[in-house]
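Just so it is clear: chains get the letters A, B, ... in the order the sequence lines come, proteins before strands, and each one is counted from 1.
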Amino acid sequence: MTLSFFTDLFSYDFMLRAFAAGIVLGVLAPLIGSIVVVRRLSFIADTLGHFSLVGISASLLLSTLGISILFDEPLFLGLIFSVVGGLLIELFRRSYKNYKEISMVIVISLGTALSAIFFSKAKATGSIYTYLFGSILTVNNYYMYAILATVVLVGALFIFFGKQIISVSFDETSAKFLGINVNIFQLIFMITLSVVVSVMLQSAGVLLISSMMIIPVAAGMKLGWSFRSTLGIAIFFSELSVFSGLWMAYSLKIPSGAAIVSVNIVILLVVALIKKIVQKRQIAKMNKNRI
Amino acid sequence: MNSMYIDIHNLSFAYGHRSVINNLSLSLAPGDYMVVKGKNGSGKTTLIKCLLGINQVKAGMIFYNHQDITNFKKWPLFGYVSQKFEEFNYEYPITVNELLSVYSLKPTNQSQRLKTLDQLGILEIINENINNLSGGQLQRVFIARSMLNNPEVLILDEPTASIDKMNTEYFYRTVNALNAQGITIILITHNDSLDHLNYSHVLTMYQDMTFSFQAREKCDLSEVEML
């Protein structure tokens with residue numbers, strides 16, 4: 001089984017594309033996820049995913065009606081709607097300052113309702129499964145271009161504005177004293193996050209995008225001793241889960257997003273357990289020395 | 001060289017219908033050291049939030065170097081340490097050095113970071129994860145952060161609330177020394193005792209929204225050390 005996975009990996013274009021997409025997303029997801037965690041916005045990726053689904057379902061509906069826009073590729077309209085969802089969240093967040101999570105509930109509800117209507121009108125309810133749970137093995141060339149463009153966007157953002165992003169995320173008030181316009185930065189980050197979510201949607205699925213972003217970071221936080229090390233560990237765990245998840249998805253014929261996230265959860269549990277045991281031993285040793 | 005004048009004219013502020021500050025006016029010259037004291041609910045933190053532009057001033061005016069705060073852009077001239085550092089997002093690991101480098105305007109200025117940490121007596125924790133620090137150490141890290149970009153004005157909101165007496169005295173000495181270097185200080189405290197503080201002005205705020213603003217001669221720094 002294992003051998004056939006490796007030989008097929010390099011024999012079939014679709015396998016190679018899935019692998020390349022997975023490796024890139026394996027870096028991208030925890031990179032953006034770590035900022036999402038620091039800003040305490042873990043549910044935001046879920047919300048954006050649901051709103052992105054509106055664009056995808058609308059694209060399928062338009063296609064059924066014989067209207068072709070944006071190369072007939074649902075990904076692009078999904079991307080636009082994800083950004084719109086992000087902007088809506090920011091808008092609602094400013095009007096419910098003390099109850100910021102309300103904005104996500106409004107956007108997630110609107111997204112779910114509209115996509116359900118569009119999917120049913122498009123008579124495409126069968127494809128919902130793919131978008132909910134992800135299927136990295138079906139990624140096409142457009143998707144690869146979208147991933148490459150996203151990597152360039154996120155890479156540039158972190159290279160040129162990494163310090164500002166981190167300072168705003170940890171402490172908005174103090175970021176102001178660096179001369180940073182916090183509102184503009186939040187907007188830029190929200191747009192970037194929306195783009196990443198819509199690009200991840202096909203491989204991870206709406207329901208599992210946030211897990212791919214957050215869980216490797218959660219495991220990294222258990223072991224990391226600095227910002228850099230935590231991010232490095234998170235990316236390592238993320239890549240490990242993408243690689244083994246892909247193998248599981250292909251071999252066991254299960255959805256790729258689900259397989260990747262399952263591995264992520266196992267890694268998190270093992271890391272948490274090992275850390276607990278090590279801590280207990282350390283405490284026992286300290287107590288023994290005291291006696 | 002510090003040239004920052006602070007002028008507050010007839011400032012009033014309310015949260016909805018609840019007035020907190022009423023008609024407050026005062027002026028500070030560069031290098032002044034103002035202690036703001038008063039009981040809980042007297043409007044000390046509200047005043048600071050107005051000074052920092054977090055609360056938008058609707059009645060009255062605040063000027064920095066004769067420039068209205070609504071158009072003021074030179075925020076890097078300010079350093080700020082908030083009440084309980086509660087606005088900072090903890091738990092995600094970040095070392096003291098990483099934190100300080102993120103908040104430095106000049107990224108390569110490692111020697112400035114080392115100097116600041118040394119001045120505050122916390123050089124040895126430069127590579128520690130901030131989540132492993134004690135309250136006193138953490139407080140000094142945040143003071144170090146506020147000093148990194150050579151501010152002309154340092155605003156400290158009840159900075160000794162979460163630290164012990166020894167660290168409090170050490171902290172006050174540090175603030176006196178910073179003021180002696182020419183930095184304007186605005187320090188909020190709910191302590192009645194102003195021992196060890198070498199201030200030039202004291203603003204006392206009361207819960208009925210009245211206030212008193214008094215100036216006094218600063219002591220020679222060596223005398224303060226003896227206190």
Check: Should we count CZ of B:F63 as having more than 12 external heavy atoms under 6.0 Å?
Finding: yes

Checklist line | Contact origin within B:L52 toward chain A - heavy atom pairs under 4.5 Å | finding: both

Next item on the list: Mind listing the closest non-hydrogen atom pair of A:K163 and B:S101 along with its distance?
Entry: CD-O, 3.5 Å

Next item on the list: Tell me, yes or no, whether the heavy-atom count around A:F185 atom CZ, taken from other residues, nucleotides or ligands under 6.0 Å, exceeds 12.
Entry: yes

Checklist line | Spatial distance of atom CG (B:N129) from atom OG (A:S226) [nearest 0.5 Å] | finding: 8.0 Å

Check: Is the number of heavy atoms from other residues, nucleotides or ligands under 6.0 Å of B:E124 CD greater than 12?
Finding: yes

Margin query: Main chain of A:S167, side chain of B:Y103: is a donor-acceptor contact present, judged purely on distance under 3.5 Å?
Written below: yes

Checklist line | Heavy-atom pair of closest approach, residues A:T230 and B:Y92 | finding: CG2-OH, 3.5 Å

Next item on the list: Indicate the atoms forming the closest heavy-atom contact of B:P76 with A:L178, along with that distance.
Entry: CG-C, 3.8 Å

Checklist line | A:K222, NZ: over 12 other non-hydrogen atoms inside 6.0 angstrom | finding: no

Notebook entry, point to check: For the candidates A:S34, A:S229, A:A175, which exhibits the highest count of non-hydrogen atom pairs separated by less than 4.5 Å from chain B?
Noted result: A:S34

Check: Given B:V102 and A:F170, is the side chain to side chain contact (heavy atoms under 4.5 Å, CB included) satisfied, shown in steps?
Finding: CA-CA 10 Å; B:V102 163; A:F170 271 99; over 6 Å; no

Note to self: Please find the pair of heavy atoms, one from B:E98 and one from A:R228, that lie closest to each other, and give the distance.
What the structure shows: OE2-N, 3.0 Å

Note to self: Taking CZ in B:F72 as the centre, count heavy atoms belonging to other residues, nucleotides or ligands within less than 6.0 Å. Is the count above 12?
What the structure shows: yes

Margin query: On a heavy-atom basis, which atom in B:I54 and which in A:K176 lie closest, and how many Å separate them?
Written below: N-NZ, 4.1 Å

Check: Around B:Y5, counting heavy atoms of other residues, nucleotides and ligands shown, do more than 12 lie under 6.0 Å from its OH?
Finding: no

Check: Which word best sums up how the rings of B:Y80 and A:F177 line up, parallel for under 30°, tilted for 30 to 60°, or perpendicular for over 60°?
Finding: tilted

Checklist line | Exceeds 12 heavy-atom contacts within 6.0 angstrom, atom CZ of A:F160 | finding: no

